[in-house]
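For ligands, and for the atoms within them, numbers begin at 1 and follow the listed sequence.
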Amino acid sequence: MRTHYCGDINETLIDQTVTFCGWVHRRRDHGGVIFLDVRDREGLVQVVFDPDTAEAFNTADSVRSEYVLQITGRVRARPEGTTNANMKTGLIEVLGKEIVVLNKAQTPPFPLDGYSDVGEDIRLKYRYMDMRRPEMQEKLRFRSKVTSGVRNYLDANGFLDIETPILTRATPEGARDYLVPSRTHEGSFFALPQSPQLFKQLLMVSGFDRYYQIAKCFRDEDLRADRQPEFTQIDIEASFIDEDTIMGLTQDMIKGIFQKELGVDLGSFPRMPFSEAMSKYGSDKPDMRIPMEIVDVEEFLQEIDFKVFAAPAKDPKCRVAALKVPGGAELSRKQIDDYTKFVSIYGAKGLAWIKVNEIEKGVEGLQSPIIKFIGDENTMKIMAKLEAKNGDIVFFGADKTKVVCDALGALRVKLGEDLNMYTSEWAALWVVDFPMFEENDDGSITALHHPFTAPSCTPEELEANPLAALSRAYDMVLNGCELGGGSIRIHDQSMQQAVFRCLGISEEEQHEKFGFLLDALKFGCPPHGGLAFGLDRLIMLMTGATSIREVIAFPKTQSAACVMTKAPGEVSNAQLRDLHIKLREKPKAAE
Ligand code: ASP
């Protein structure tokens, strides 16, 4: 139907006749001449119809936005003064000779270049229209380039692309499962995979040695900002490797993609222990573009009368820490109040501060509502430890360790952004030496990564003191986002059972839920490990998109629904009966 894409018609084709197809982007009537901008995935081309070719002219006159056309015409240079350097096709135009309306279009629900005036719901309801926008086309093409780069790299390094089931059993990654009722097994349910974790490990037992998959994963998580119930992972596993091999391979893959697609050299990826990340940055995914560190100040506050600081300073489960913000003394009362509100989201009950005006004058040169509680001497010792300078503000957090880390960690990132403190555009690192487990509020423990991660100690040491054990997990972090994470796995049955015991999973439950894994570990499982990258987040970072919804063709809304297909939807009673399901409340649309 066509000889060229619209966006590919350029000055090399001058005087040639071309045929192309596309959508009417804009139509202009310039005193007897009609201009159409016709768009396809490669770009726009300007077509001119003059009244000499009466039939084509009349058709061109009748078309409206988003009509689908086939046009044949002659390429010519644009008249001097009318060229457009910003357009790929800006030096030429096509003199239209024939035009066929392949399909009409109703008035679009929103003008493509006026998309920002309509809400996201409208854009998602008419996603197929939204995706006609060049920006959306660009993002999804970029995504395709990245996945093809990933495949090329992994193929070249001997990884095999193997698919794993979508209808499966629960794979614990810490979220709720999406369940699918079985028709043939009354009362039983499949779970959609939270990740292909156990299957990729079993592929190692089978001897495939290196596996990858660009895999859909499903997690029914609480509504947190910018998560999708189904998302895509670049899932990787390899045998007979250690941390250095798999981290090196995947680091080279990510570096290669940044270099090729963005011309960015991500440099070296330093490794940082989890404990350092938490203590200095309050986060296991520190944004290293921001040159600020959180500093512990308990040692100066244990003996004071002021309980708000003294009590947590003495409690080993608590933390009292300070964040020094260069230039922050300029913050107004109102801004400080706003930051106080901000940290309250993370559970902080307040945000104490000291402004450093003239440090050479001692406490006289400081301004703060809390010095009278801390005492002059302690205050100056804290200032000395922080190496506070004129113009700084120091914020304090005093609470349970988690609250202080979360609050000061988030405040650090927010201030870094608000005060534009970035020292580089990109900052990548590996976070390593994670604890194997974390303690829940009720005293029970959960695996920090997942229960198949190898601890760095023996099974005996692990069971003697689970909360002290570290794991062989690693996360790749870029600009404060977790790009990917993984671990060396347990390949030994007794170690796997020790981990299950630590998690309070009874022998019976172990066999019921993970019997196939425990069996496989008995039949010659090689040492292995791997990791998974979040593809959506990677593309979001690389394209500078503000949400992962912008880089997914058909995303769900924040309430995990699709406004276009209206999924999830009700089903008929007959279907429910087939599935052996009776709803508690009668569905409204029952047949
Ligand atoms: N399965 C893990 C996850 O989805 C990644 C891995 O350990 O490879 O986070």
Output the list of atoms in ligand 1 that are nearer than 4.0 Å to some heavy atom of [X], sorted by atom number.
X	value
Gly486	6 (C), 7 (O)
Lys200	6 (C), 8 (O)
Ala532	5 (C), 8 (O)
Glu173	1 (N), 2 (C), 3 (C), 4 (O), 9 (O)
Gln233	3 (C), 4 (O)

Would you indicate which of Gly530, Gly485, Ser195 comes nearest to atom 5 (C) of ligand 1 when only heavy atoms are counted?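 Residue with the shortest heavy-atom distance to the ligand atom: Gly485.
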
Is His449 near ligand 1, meaning one of its heavy atoms is under 4.0 Å from it?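 Judged by the 4.0 Å heavy-atom criterion, His449 does count as contacting ligand 1.
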
Do you see a donor-acceptor pair shorter than 3.5 Å between the side chains of Gln201 and Glu237?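 There is no such pair (donor and acceptor under 3.5 Å, judged by atom type) between the side chains of Gln201 and Glu237.
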
Does either side chain, that of Asp209 or that of Ser239, offer a donor lying less than 3.5 Å from an acceptor on the other one?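 The answer is no; no qualifying pair exists.
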
If we set the cut-off at 4.0 Å for heavy atoms, which region of Glu237 has an atom near ligand 1: side chain, backbone, both, or neither?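 It is neither; nothing of Glu237 touches ligand 1.
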
Counting heavy atoms only, which part of Arg219 comes closer than 4.0 Å to ligand 1: side chain, backbone, both or neither?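 Contact part for Arg219 vs ligand 1: side chain (C-beta onward).
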
If you define the side chain from C-beta out and look only at heavy atoms, does anything of Phe554 sit under 4.5 Å from Thr565? no

Indicate yes or no: at least one non-hydrogen side-chain atom of Leu521 is less than 4.5 angstrom from one of Met495.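 In short, these two side chains do not touch, never coming nearer than 4.5 Å.
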
Give the residue and atom name of whichever protein heavy atom lies nearest to atom 7 (O) of ligand 1, and the separation in Å to one decimal.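 The closest heavy atom on the protein side is Arg489 NH1, 2.7 Å.
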
Return yes if some donor-acceptor pair links the side-chain N/O of Asp315 with the main-chain N/O of Lys317 below 3.5 Å, else return no.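 At least one qualifying donor-acceptor pair exists.
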
Check: Trp426 main-chain N/O paired with Ser424 side-chain donor or acceptor under 3.5 Å: yes

Give yes or no for whether the N/O distance cutoff of 3.5 Å, strictly under, is met between Asp235 and ligand 1.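 Checking ligand 1 against Asp235, no N or O pair falls under 3.5 Å apart.
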
Within 6.0 angstrom of Lys139 NZ, more than 12 heavy atoms from elsewhere: yes

Evaluate the ring planes of His450 and Phe452, with Trp represented by its six-membered ring, and classify them as parallel (under 30°), tilted (30 to 60°) or perpendicular (over 60°).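 Judged by the thresholds at 30° and 60°, the geometry between His450 and Phe452 is tilted.
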
